[in-house]
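Comments concern the structure below.
Just so you know, these numbers come straight off a predicted model, no measurement behind them. By convention in this document, chain letters (A, B, ...) are assigned in the order of the sequence lines, proteins followed by strands, and residues within each chain are numbered from 1.
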Amino acid sequence: MKPTLPQGTRDFGPETVRKRQYIFNIIRTQFELFGFQPLETPAFENLDTLMGKYGDEGDKLIFKILNNGLERPEKHESSRQLFEQVLQGKLEKGITERALKYDLTIPFARYVAMNHNLLTMPFKRYQIQPVWRADRPQRGRYREFYQCDADVVGSRSLINEAELLQLYTTVFSQLKIDVKICINNRKILVGLAEACGFAGNMMDITIAIDKLDKIGLDKVIEELRNKGLTEDSLQKIQTYLKLSEIEGNSDILQLLKNFFAETPIALEGIQEIETLISFAPQVSIDVTLARGLNYYTGTIIEVKPLGIQMGSIGGGGRYDDLTGLFGVSDIPGVGISFGVDRIYDVMEELKLFPENLEGSLQVMLVNFGETFNAYNFSVMQTLRNEGISCEMYPEPIKFDKQLKYAGKRNIPYVVLIGEDEMNEEMISVKNFTTGLQHKMRLTEVISRIKQGSL
RNA sequence: GAGGGUGUAGCUCAGUAGGUUAGAGCAUCAGAUUGUGGUUCUGAGGGUCGUGGGUUCGAGCCCCAUCAUCCUCCCCA
């Protein structure tokens, strides 16, 4: 058979892994610097932990795991019947009761609900793990990808939001990616739905207006008209959407206040944004920002890269009662996520990776044959004890082949110890960048490599 | 779930109107060069033309189906 990868997955070769690690390291370092603590959760969860948390669309995209033992003969009949029900979109236990995790937030909420009396609140955790979505792959979209999440639970303070916005700003500036950090507030969207007499169906409205920059005003209004909104409400929404054309946070805030003068819930959201802007003036208010995940209740955040066509590379928001879904209420939280795979794609396309991310291997010892192996081997151990990474070519093949290998692997120094060197108790070192070669004692090799003066 | 593009060597792709034995570059390996890499030169290996059917005297090329992959929409990181 010829091997293939499952759709939407990738292998990462050495060079790619190094670049990815560069991103992970920057994010992890900042997470720690901001006081977040690490957490890991299983690759898969019980299906009912995940179902119903991400909206209808999300449920469809959860990778379900087939139960074990379905192939056992005595289970054939019941499996067949259960599968019939699955085909009708009905219950799925008996066929599947576990699923690959879809994001890091819900498993975190599950963890907090299970451990809340052990945790010191407010609890700040970060988590760097893969998640899986049964989506159709396309540009910037994978079925397996990494998220890096930072969340704070057990605090309602907007300081947390401000910190997370600062975290975004710091990380993306270190990665040298130009981004637009957009914020909005679900309370404003709730207020808008209320004002339209459509309070129960906030998501329909928000999902439609979220598409403004993609499909344009006319189509958004058309879509909402089909949802059954009155002409009066459509007029209100048009007025609201006009705000998206305005530049400048303070102007937008003022207009929002006027527009929602008689909608208390919206005013609350506006007030929250105003406070946040005072902490983080670098972010932009985006009144059309909605976000599909239905557990957000307050601030919502999204990060878009500038100068490239790519979906969001980060997102998050406040959720006031996520653990309530697991029977533990009154634990509010707020969090953000970094999409490493898209960040990688952006950096690759805009050539933002530093040059010198190649291997750390510093020295290769040439293999001159059995007579010299023991001596070379002991030199190699000495170098390693000195913290210099090195390897000896394992086969006594032709000299130029060994050098070719060193060249391809970008090894900066090649050590040659053959007959002459052994007799003289000297070592020949060739600098592969300059091509120059010198003979010296081992101690000098070590100190000069350490100083980078070889 | 809806719509579109592409499948020829390990990779990127040529392949002209359907016509003998399917090509190039890169990569790999070997030699030129038995203690000095990248450059250069010479040579070699490597293909069920995604798969199955059909049209035809004849199919890499045309038709149908199927699979894979990429892109767009929906939704998202």
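- Stacking of R133(A) on the aromatic ring of Y102(A) is recorded, both the 6.0 Å distance cut-off and the 45° axial limit being met.
- The 12-atom threshold is not exceeded at NZ of K180(A), counting heavy atoms of other residues, nucleotides or ligands nearer than 6.0 Å.
- Contact annotation: Q7(A) reaches the phosphate of U69(B) (side-chain N/O to OP1 or OP2, under 4.0 Å).
- Distance noted for atom P between U33(B) and U69(B): 49 Å (whole Å).
- For the pair R291(A) and A77(B), the criterion of a side-chain N or O lying under 4.0 Å from OP1 or OP2 is met.
- A9(B) and U48(B) have their P atoms separated by 8 Å, with the value rounded to a whole Å.
- Note that R20(A) lies in the cation-pi zone of F12(A), set by a 6.0 Å cut-off to the ring centre and a 45° limit from the axis.
- Using a 4.5 Å cut-off on side-chain heavy atoms (C-beta onward), E419(A) and N423(A) make contact.
- Nearest-nucleotide assignment on RNA chain B puts the 5′-proximal partner with G435(A), out of R143(A) and G435(A).
- For the P atoms, the distance linking G7(B) with U16(B) amounts to 12 Å, nearest Å.
- Looking at the side chain of D135(A), the nearest of the listed nucleotides G37(B), C75(B), G35(B) is C75(B).
- Remark: the separation of the P atoms in A59(B) and A22(B) is 14 Å, to the nearest Å.
- For G46(B), there is no paired nucleotide, since no Watson-Crick or G-U wobble pair has both relevant distances below 3.5 Å.
- Cation-pi contact between R291(A) and Y296(A): absent, since separation from the ring centre below 6.0 Å together with deviation from the ring axis within 45° is not met.
- Side-chain atoms of S244(A) do not come within 3.5 Å of backbone N or O of T288(A) as any donor-acceptor pair.
- G45(B) sits 31 Å from G18(B) when the C1' atoms are compared, rounded to a whole Å.
- Side chain R141(A) to base A77(B): no donor-acceptor pair is found below 3.5 Å.
- The separation between I397(A) atom CD1 and U34(B) atom C1' is 13 Å, rounded to whole Å.
- Residue contacts shown for G418(A) include a base, since a base heavy atom lies under 4.0 Å away.
- The pairing partner recorded for G60(B) is none, the criterion being a Watson-Crick or G-U wobble arrangement whose two distances lie under 3.5 angstrom.
- Atom P of nucleotide U34(B) and atom CZ of F368(A) are separated by 14 Å, given to the nearest angstrom.
- Note: CG (N410(A)) to P (G38(B)) measures 14 Å, nearest angstrom.
- As judged by a 4.0 angstrom heavy-atom cut-off over every strand, F432(A) is placed among the base-contacting residues.
- Computed from coordinates, the L212(A) CG to C75(B) C1' distance equals 17 Å when rounded to whole Å.
- Across the strands present, A68(B) finds its partner in U6(B); the criterion is a Watson-Crick or G-U wobble pair with both atom distances under 3.5 angstrom.
- Between Y168(A) and F338(A), the ring-plane angle classifies as perpendicular under the 30° and 60° cut-offs.
- Only the P atoms considered, C26(B) is 41 Å distant from A65(B), to the nearest whole Å.
- Under 4.0 angstrom from either OP1 or OP2 of U72(B) there lies at least one side-chain N or O belonging to Q138(A).
- Within 4.0 Å of Q147(A), counting heavy atoms only, lie sugar-phosphate atoms of the nucleic acid but no base atom.
- Ring geometry for Y295(A) against Y319(A) counts as perpendicular: the plane angle is over 60°, on a 0 to 90° scale with 30° as the lower cut.
- Taking atom CZ on R136(A) and atom P on C71(B), their separation rounds to 11 Å, with Å as the unit.
- Nucleotide A17(B) has no partner under the Watson-Crick or G-U criteria, as no pair reaches both atom distances under 3.5 Å.
- Aromatic pair F36(A)/Y126(A): ring centres not closer than 6.0 Å.
- Residue-environment remark: CG (D56(A)) stays at or below the threshold of 12 foreign heavy atoms within 6.0 Å.
- Nucleic acid contact class of G55(A) (heavy atoms, under 4.0 Å, all strands): none.
- Taking only side-chain atoms of R139(A), from C-beta outward, the nucleotide of U72(B), G35(B), G37(B) with the closest atom is U72(B).
- Residue Y142(A) contributes atom OH, which lies 14 Å from atom P of U69(B) at whole-angstrom precision.
- Ring-base stacking between F145(A) and A77(B) is satisfied, the centre separation being under 5.5 Å and the plane angle under 30°.
- Taking the P atoms as reference points, U51(B) lies 11 Å from G60(B), given to the whole Å.
- Base contact: R342(A) has a heavy atom under 4.0 Å from a base atom.
- Among the heavy atoms of the strands lying under 4.0 Å from D420(A) is at least one base atom, whether or not backbone atoms are also near.
- Scanning atom types as modelled, no donor and acceptor separated by under 3.5 angstrom connect the side chain of Q402(A) and the base of U36(B).
- Taking the nucleotide of RNA chain B with the nearest heavy atom to each of S312(A) and L5(A), the more 5' of the two is matched to L5(A).
- Comparing the C1' positions of G54(B) and G15(B) gives a spacing of 24 Å, expressed to the nearest Å.
- The residue G58(A) sits apart from the nucleic acid: no heavy atom pair falls under 4.0 Å.
- Pairing partner, U36(B): none, since no Watson-Crick or wobble contact has both distances short of 3.5 Å.
- Among the heavy atoms of the strands lying under 4.0 Å from E421(A) is at least one base atom, whether or not backbone atoms are also near.
- Rounded to an integer number of Å, the gap from K101(A) NZ to A77(B) P is 16 Å.
- If you measure from atom CG of L289(A) to atom P of A77(B), you get 11 Å, rounded to the nearest angstrom.
- Base pairing of U55(B): no nucleotide in any strand meets the Watson-Crick or G-U wobble criterion (both distances under 3.5 Å).
- Look at G31(B): its Watson-Crick or wobble partner, with both distances under 3.5 angstrom, is C41(B).
- If you check every strand for non-hydrogen atoms under 4.0 Å, Y54(A) touches nothing.
- Under the Watson-Crick or G-U wobble criterion, with both distances below 3.5 Å, C73(B) is paired with G1(B).
- Between D320(A) and R318(A), at least one side-chain N (NZ, or NE/NH1/NH2) sits under 4.0 Å from a carboxylate O, which counts as a salt bridge.
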Using nucleotides 29-32 of chain B, report all nitrogen or oxygen pairs with the protein that are shorter than 3.5 Å.
residue: A30(B); atom: OP2; partner: K401(A); partner atom: NZ; Å: 3.2
residue: G31(B); atom: OP1; partner: K398(A); partner atom: NZ; Å: 3.4

